Amino acid sequence: MLDPKRLRNDLDAVAAQLARRGYTLDAAAFTALEERRKALQVATQELQNERNTRSKSIGQAKARGEDIAPLLAEVADLGDKLKAAEADLNALQMALQDLMLSIPNCPHASTPDGGGEDDNVEVARWGEVPKFDFTPRDHVELGEMNGWMDFETAAKISGARFVVLQGPLARMQRALTQFMLDLHSSEHGYQEVYVPYLVNADSLRGTGQLPKFEADLFKTNSEAGHYLIPTAEVPVTNIARDTIADALPRRFVAHTPCFRSEAGSYGRDTRGMIRQHQFEKVEMVQLVPPADSYAALEELTGHAEAVLQRLGLAYRKVALCTGDIGFSSAKTYDLEVWLPAQNTYREISSCSNFEDFQARRMQARWRNPETGKPELLHTLNGSGLAVGRTVVAIMENYQDADGRIHVPEALRPYLGGAEML
RNA sequence: GGAGAGGUGGCUGAGCGGUUGAAAGCGCACGAUUCGAAAUCGUGUUUGGGCUUAUCCCCAACGAGGGUUCGAAUCCCUCCCUCUCCGCCA
C-alpha cells in the first residue's frame, strides 16, 4: 500500500510514477473519495466530541445528586445522528481502503522503463555456457530414460502440472534444499525458519497477493479459510506483521513447497518441471531499515547468485522493467539460468525490494534509534533458489552423451560423495 | 472432542457503568545528587488519525466484531487466541 499522505499531498507525482508501470491511477475518483472522507470524518468527530462532553456532564450532575432528566432529553437524538454518521464514514473508509489495496507499488527510479519482459535489461552474465558434442536432451527425456521422473503417474494421482520424482533424483532435490539452506544460514547470515504452509487471508493481504490475485491461489475449505502458500515470502514476511522490531536487519531463510494455480498460463511450459502447481523453493527474506534497502537488494541478489556459482551454472542477471515487476515490488532482479535444451536463459530466482509497500499493509515496524519512534521498515525477498528449476538446470547442464547426470562438486557432500546420480 | 481459566501499555499487574488513555511496580529517557558509579529524588515515557509551521486542541483504540446505555476496559452476544486437566493422535 502506498503512503496515504503522499497520495493526498502529491497525487500527480504518484500518478506519474505509476504510469511508468502502465497503471492508470484514477486521480479524480481518489480525490472525490478523499474529500468526502475528510468532511465526514470531521463531522463524525464533532458529534463524538459533543456526545463525550455531554455524557461527562451528565455523570457529574448525577454525582452531585442533581436531576439529570432534562440533560438526557437534550441528547435524545444525538445517538441516532452519530450512529448514521459513523456508518457513512465506515462505508467510505472501506471503499477508500479497497482502492488503496488495489494500487500497485511505485517503481524505483532505477527500474528501467518498459512495457513487458522484452524490455528487461540484462545487467550481468556469469559462467560458461556448456558446449556439447552431442544434442543435449531436455530434463524430461533425461528423467524418463533414467526412470527418475514420472509425469503420467503424477497425472493419475493429481492431474496436469505435477511430477513424481524417484530415487536419485528425488534425493538430489532434497540435497539441493539442504545445500541452499546451509549456505544461506551459515555463510550469508540468515536465520533458518520453519513456517506454516497454510496461511490466512490477512497474511496474503500483507504481502500483496490479496485482494487482487486470488485466482492464482489454492484456497482450502477449512473454516478459517486457509490458503496454500504460493511462496514462503508470505508466511516468512508476515512474521513481522503487527510487530515493532527493536533491532534490524533481520534475515530469514526457509524451505517450503509452493502452490500455484497457474490460472492464465494455460499452454505455457506444459512440458516438464518448469511450471508446476507444486514446487520446492528456498526463500530469503530481509527486514531492513529503509535507508539500507537498496544495498540489501544488491546483497540479497548476490546471495542467490552464490548458489548458482557454487553449482557452476551459467546465468544472467536481469533488471525487470517497470512493466514486468510484480504488484508489490519497487525493483526486481531476476536471475536466469542457462537451459541447454531450451537454448535460452530461464528464470530461477527473483529478488525484490518492496520498500515499505508490504510493511504498511502489515504494520511491520521498527523502532528507529534516531527518532525513538516506531517507523515502517523495508521488506525484501528473493528465491535462493527455486529448487525444482535447479534440478532441471543441473540435469540439463551436467548431462553426458549417455544421458547420465554428473553431480556438481558442491553438491557431492550432500549425496554421500557421489560423482554421478 | 469434553471440562475449566484467561486475554489491559515495552513487561508485570490493578481497575464499584461516569472527570480512567488507564493505579502501582519494573524497564527506559532526561535532570538533580556524585570525582565517577550504585542507591536516592524529580520529571517524562502507547499508538493511529483530524486540524496545524509548531504548540495546543479534538477523535479513536483495553484480543476482534456486534449489542445494551446519555455514557462501556467494566454488562450481554458471537468469534479468535493462550493456558490447565481429560480423551484422541504423528
Side-chain angles (χ1 to χ4, degrees), chain A residues 1-11 30-31 33-101 194-206 210 220-227 235 238-248 250 257 356-377:
Chain A
M1 198 159 81
L2 300 177
D3 184 357
K5 282 195 186 120
R6 245 185 95 214
L7 276 167
R8 270 175 239 154
N9 302 330
D10 213 6
L11 187 58
F30 177 82
T31 306
L33 274 175
E34 183 52 32
E35 273 169 9
R36 276 186 58 210
R37 191 222 94 230
K38 191 176 281 188
L40 258 176
Q41 183 163 338
V42 169
T44 304
Q45 291 190 354
E46 273 168 11
L47 283 171
Q48 286 171 328
N49 187 11
E50 190 180 348
R51 178 203 59 195
N52 290 347
T53 40
R54 283 178 184 269
S55 290
K56 200 171 275 186
S57 55
I58 290 174
Q60 286 164 343
K62 204 175 173 186
R64 287 193 300 266
E66 298 169 9
D67 180 17
I68 59 168
L71 291 172
L72 287 180
E74 285 177 33
V75 295
D77 62 333
L78 197 61
D80 289 340
K81 270 167 37 188
L82 180 58
K83 208 164 269 186
E86 281 175 339
D88 287 352
L89 179 61
N90 199 9
L92 196 65
Q93 272 174 333
M94 299 276 271
L96 205 51
Q97 179 79 355
D98 284 352
L99 177 62
M100 300 278 291
L101 284 175
Y194 170 83
V195 290
Y197 303 159
L198 292 167
V199 295
N200 56 36
D202 284 341
S203 293
L204 288 156
R205 244 189 308 279
L210 287 181
T220 72
N221 65 359
S222 75
E223 212 168 311
H226 290 126
Y227 294 81
N238 273 280
I239 288 173
R241 173 151 55 92
D242 296 323
T243 65
I244 301 172
D246 12 63
L248 292 181
R250 301 185 76 190
D356 63 12
F357 187 84
Q358 294 181 326
R360 183 171 294 105
R361 287 172 161 244
M362 63 173 77
Q363 283 303 300
R365 295 176 294 173
W366 70 306
R367 200 169 287 278
N368 185 340
E370 281 173 29
T371 62
K373 293 283 177 193
E375 296 171 12
L376 294 174
L377 47 75

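Within every chain, numbering begins at 1; the chains are lettered A, B, ... in the order of the sequence lines, protein sequences first and strands thereafter. These numbers come from a predicted model, not from an experiment.
Contact of the M362(A) side chain with the D242(A) side chain is not registered, since no non-hydrogen atoms from C-beta on lie closer than 4.5 Å. Two residues are said to be in side-chain contact when any heavy atoms from C-beta on lie closer than 4.5 Å; R51(A) and V75(A) fail this criterion. Looking at D3(A) and D356(A), their side chains never come closer than 4.5 Å, going by heavy atoms from C-beta outward. Contact check for Y227(A) versus L210(A): side-chain heavy atoms found under the 4.5 Å cut-off. The shortest distance between side-chain heavy atoms of Y197(A) and P257(A) falls below 4.5 Å. Under the 4.5 Å side-chain criterion, counting only non-hydrogen atoms from C-beta, N238(A) is not in contact with V199(A).
Rounded to the nearest Å, the gap between the C1' atom of A38(B) and that of G7(B) is 38 Å. When the C1' atom is used for both U46(B) and G9(B), the distance is 5 Å, rounded to whole Å. Separating the P atom of U45(B) from that of A23(B) is a span of 11 Å, rounded to the nearest Å. Atom name C1', nucleotides G67(B) and A72(B): the rounded distance is 11 Å, in whole Å. With C1' as the reference atom, C89(B) and A5(B) are 25 Å apart, rounded to whole Å. Comparing A39(B) with G50(B), their P atoms sit 42 Å apart, to the nearest whole Å. Comparing the P positions of G18(B) and C57(B) gives an interatomic distance of 25 Å, to the nearest angstrom. Between G6(B) and G65(B), the two P atoms lie 22 Å apart (nearest whole Å).
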Which atom pairs, donor and acceptor, lie under 3.5 Å between side-chain atoms of residues 85-100 of chain A and protein residues at least two apart or in another chain?
from   : atom 1 : to     : atom 2 : distance (Å)
E86(A) : OE2    : Q48(A) : NE2    : 3.0

Only distances under 3.5 Å count here; give the side-chain donor-acceptor pairs of residues 33-40 of chain A to other protein atoms, sequence neighbours excluded, each with its distance to 0.1 Å.
from   : atom 1 : to     : atom 2 : distance (Å)
E34(A) : OE1    : R37(A) : NH1    : 3.2
E34(A) : OE2    : R8(A)  : NE     : 3.1
E34(A) : OE2    : R37(A) : NH1    : 2.1
R37(A) : NE     : Q41(A) : OE1    : 3.1
R37(A) : NH2    : Q41(A) : OE1    : 3.4

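Not a single side chain to side chain donor-acceptor pair (under 3.5 Å) links T31(A) to another residue, sequence neighbours left out. Applying the side chain to side chain donor-acceptor pair (under 3.5 Å) criterion to R205(A), with sequence neighbours excluded, gives D202(A). In this view, F357(A) and F327(A) satisfy the ring-ring contact (aromatic ring centres under 6.0 Å, His included) rule, not counting sequence neighbours. Under the side chain to side chain donor-acceptor pair (under 3.5 Å) criterion, Q363(A) pairs with no residue, sequence neighbours left out. Applying the side chain to side chain donor-acceptor pair (under 3.5 Å) rule to R6(A) yields the partners Q17(A); only residues at least two apart in sequence or on another chain are considered.
Straight-line distance from the CD atom of Q48(A) to the P atom of C57(B): 18 Å, rounded to whole Å. Atoms CG (L47(A)) and P (A60(B)) sit 11 Å apart, rounded to a whole Å. Between the P atom of G63(B) and the CD atom of Q363(A) lies a distance of 19 Å, rounded to the nearest Å. Atom pair H226(A):NE2 and C80(B):P shows a separation of 11 Å (rounding to whole Å applied).
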Pull out every protein N or O sitting under 3.5 Å from an N or O of nucleotides 49-52 of chain B, one pair per line with the distance.
from   : atom 1 : to     : atom 2 : distance (Å)
G49(B) : O2'    : Q41(A) : NE2    : 2.8
G49(B) : N2     : Q45(A) : OE1    : 3.4
G50(B) : OP1    : R8(A)  : NH1    : 2.3
C51(B) : OP1    : K38(A) : NZ     : 3.0

Produce the list of close N/O pairs, under 3.5 Å, pairing protein atoms with atoms of nucleotides 71-73 of chain B; give distances to one decimal.
from   : atom 1 : to     : atom 2 : distance (Å)
G71(B) : O4'    : S55(A) : OG     : 3.0

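The residue among T53(A) and Q60(A) whose nearest nucleotide of RNA chain B is located toward the 5' end is Q60(A).
Side chain to side chain, R241(A) and S203(A) meet the donor-acceptor criterion of an N or O pair below 3.5 Å. In the model, S55(A) has no side-chain atom that pairs as donor or acceptor with a side-chain atom of N52(A) under 3.5 Å.
Every stem involving RNA chain B, taken as at least 3 paired positions in a row under the Watson-Crick or G-U wobble test at 3.5 Å, is listed here: B:1-7 with B:80-86, B:10-12 with B:24-26, B:27-32 with B:40-45, B:46-50 with B:57-61, B:63-67 with B:75-79.
Of the side-chain N and O atoms in N52(A), none sit less than 4.0 angstrom from OP1 or OP2 of C58(B). A close approach under 4.0 Å does not occur between any side-chain nitrogen or oxygen of N49(A) and OP1 or OP2 of C58(B).
Smallest separation of non-hydrogen atoms from T243(A) and I239(A): CG2-O, 4.0 Å. Taking each heavy atom of I244(A) and W366(A) in turn, the nearest pair found is CG2-C, 4.0 Å.
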Query raised in the report: For every nucleotide of nucleotides 64-69 of chain B, 5' to 3': is a protein heavy atom under 4.0 Å from its base (B), only from its sugar-phosphate (S), or from neither (-)?
Result: ----S-
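The stretch residues 196-206 of chain A has no heavy atom under 4.0 angstrom from RNA chain B at all.
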